[in-house]
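Taking it in order: structure first as structure tokens, then the write-up.
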There are 2 protein chains.
Amino acid sequence: MPAPEDIPQIFQTTGRRLTSQRRLLLEVLTECHDHLDAETIYDLAKRRDPNISLATVYRTLKVLKAEGIVQERLLEPDGQKHHYEMAANAHYHFTCLECGQVIEFESALIEQACHELAERLKLDVAHARVNLDGHCADCTQLAPMSEDGP
Amino acid sequence: MPAPEDIPQIFQTTGRRLTSQRRLLLEVLTECHDHLDAETIYDLAKRRDPNISLATVYRTLKVLKAEGIVQERLLEPDGQKHHYEMAANAHYHFTCLECGQVIEFESALIEQACHELAERLKLDVAHARVNLDGHCADCTQLAPMSEDGP
DNA sequence: AATGCAATTGCAAATCATTTTCAATTAGGA
DNA sequence: TCCTAATTGAAAATGATTTGCAATTGCATT
Ligand SMILES: [Mn+2]
Ligand SMILES: [Mn+2]
Ligand SMILES: [Zn+2]
Ligand SMILES: [Zn+2]
């Protein structure tokens, strides 16, 4: 999770160029604190640079992901499009199957689970892709519950 | 995770038909204890029924998933194709970024994390999509490690 | 400031997993 | 056995993402 001022350094070090398009996409991602898909990022960027192309959005997202500057998420359980957000403190996501709401959360238990597995099997866990699906508090009231109820 | 003998019942109850193609695909999935993608399932099935179509494989997988008979997994971190396995005891997966090996594991900690979130936010967690990525024990020896090393 | 060139871009066409359309077939209840 | 809605195969369509290519542009170097 690099600080914004470190980004030019990162690019320079890897022989990458900090183009106007990349700067713009970084702005969009930084300003919009949300989980955006490529098309939405494209739309937002196009407002400030009408010439930017969707291909550049995808290419840039791939670069930013490779550099650890953005994180890619698969929030929808049936996995169509990816969503992106600036890399920040490690966190996970819950998606409501009913209303689509996404809730971020942290979890020491999940981190423990990763450590435990790593130690037990002598392997190295680089990343945890964790997404919980279910019904949010609002939707739970109305929806029929899955298992046994009180 | 229904027992094999319950499957006809499940189909009947939901007005679905137990066709020869569906029986065949259930056989393939049951016999091959592995995580198969749709194309592989198709290839295996075609050996016994050369007329079966890939469309039917996809349609059947969707039905079996909806009925909770098979589970869909996204094992590869860059999420191209899905993999399928018969629903069994809840478990998670670790994928080695180097050699592609997939390791199954169970985790009470992850289940705790789900319960904790559910209770804290009064929501209902129906399913946990958990995939850890990293380097397996074999590949860790050779690969440059990610963070600080001893 | 001018030069050189590899990295990057926009556009269009290409991929590729998955879905859909539709006419023909078939499971399974009456 | 009949009837009909569910299912199928084949081919075309979809939709997110990628790629080929010629034109542009950062940026290190004169
Ligand atoms: Mn997030
Ligand atoms: Mn498994
Ligand atoms: Zn909801
Ligand atoms: Zn490995």
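Naming: A, B, ... by sequence-line order, numbering from 1 per chain.
Using a 4.0 Å cut-off on heavy atoms, none of the residues of residues 64-75 of chain A approach DNA chain D. Interface residues of residues 28-42 of chain A facing DNA chain C, ordered by number: none; criterion, heavy-atom separation under 4.0 Å.
Cys99(B) approaches Cys136(B) most closely through the heavy-atom pair SG-SG, 3.8 Å. Residues Phe94(B) and Val125(A) come closest through the heavy atom pair CE1-CG2, 4.2 Å.
Comparing the local axis fitted to the first five base pairs of the helix from dA1(C)-dT30(D) to dA30(C)-dT1(D) with the one fitted to its last five gives a bend of 40°, rounded to 10°.
In this structure, the side chains of Thr19(B) and Thr60(B) stay at 4.5 Å or more apart for every pair of heavy atoms. For the pair Thr14(B)/Glu67(B), a side-chain contact is recorded, criterion being any heavy-atom separation below 4.5 Å from C-beta on. Side-chain contact between Thr95(B) and Leu132(B) is absent, with no heavy atoms from C-beta onward closer than 4.5 Å. Within the 4.5 Å cutoff, the side chain of Thr13(A) has heavy atoms near those of the Gln9(A) side chain.
Each of Gln71(B), Glu104(B), Glu106(B) was compared with His91(B) under the side-chain hydrogen bond (donor to acceptor under 3.5 Å, both in side chains) criterion, and only Glu104(B) meets it. No option in Lys65(A), Glu72(A), His35(A) other than Glu72(A) meets the side-chain hydrogen bond (donor to acceptor under 3.5 Å, both in side chains) test with Tyr84(A).
Ion pairing between Glu31(A) and Arg47(A) fails under the 4.0 Å rule for side-chain N and carboxylate O. Ion pairing between Asp78(A) and Lys62(B) fails under the 4.0 Å rule for side-chain N and carboxylate O.
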Next item on the list: If a protein heavy atom is under 4.0 Å from the base, mark B; if only from the sugar-phosphate, S; if neither, -; do that for nucleotides 4-15 of chain D going 5' to 3'.
Entry: -BBSBBB-----

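Atoms CZ and NE2, on Arg129(A) and His93(A) in that order, are 14.0 Å from each other to the nearest 0.5 Å. Atoms CD and OG1, on Glu27(A) and Thr30(A) in that order, are 8.0 Å from each other to the nearest 0.5 Å. A distance of 9.0 Å separates CD of Glu85(B) from CG of Asp34(B), quoted to the nearest 0.5 Å.
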For residues 108-122 of chain B, tabulate all N or O donor-acceptor pairs below 3.5 Å that involve a side-chain atom, not counting sequence neighbours.
{"residue": "Glu111(B)", "atom": "OE2", "partner": "Tyr92(B)", "partner atom": "OH", "Å": "3.0"}
{"residue": "His115(B)", "atom": "ND1", "partner": "Glu111(B)", "partner atom": "O", "Å": "3.4"}
{"residue": "Lys122(B)", "atom": "NZ", "partner": "Glu119(B)", "partner atom": "O", "Å": "3.0"}

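For dA16(D), the OP1/OP2 oxygens have no side-chain nitrogen or oxygen of His82(A) closer than 4.0 Å. Side-chain N/O atoms of Tyr58(A) include one lying less than 4.0 angstrom from OP1 or OP2 on dT17(D).
Close approach of DNA chain C to chain B, defined as any atom under 4.0 Å from a non-hydrogen atom of the protein, starts and stops at dA17(C) to dG28(C).
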Next item on the list: Quick one: do His83(B) and Glu76(B) satisfy side chain to side chain donor-acceptor pair (under 3.5 Å)? Show the steps, please.
Entry: CA-CA 9 Å; His83(B) 292 243; Glu76(B) 293 156 38; 3.1 Å; yes

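Place Lys62(B) and Arg23(B) on DNA chain C by their nearest nucleotides, and Lys62(B) ends up nearer the 5' end.
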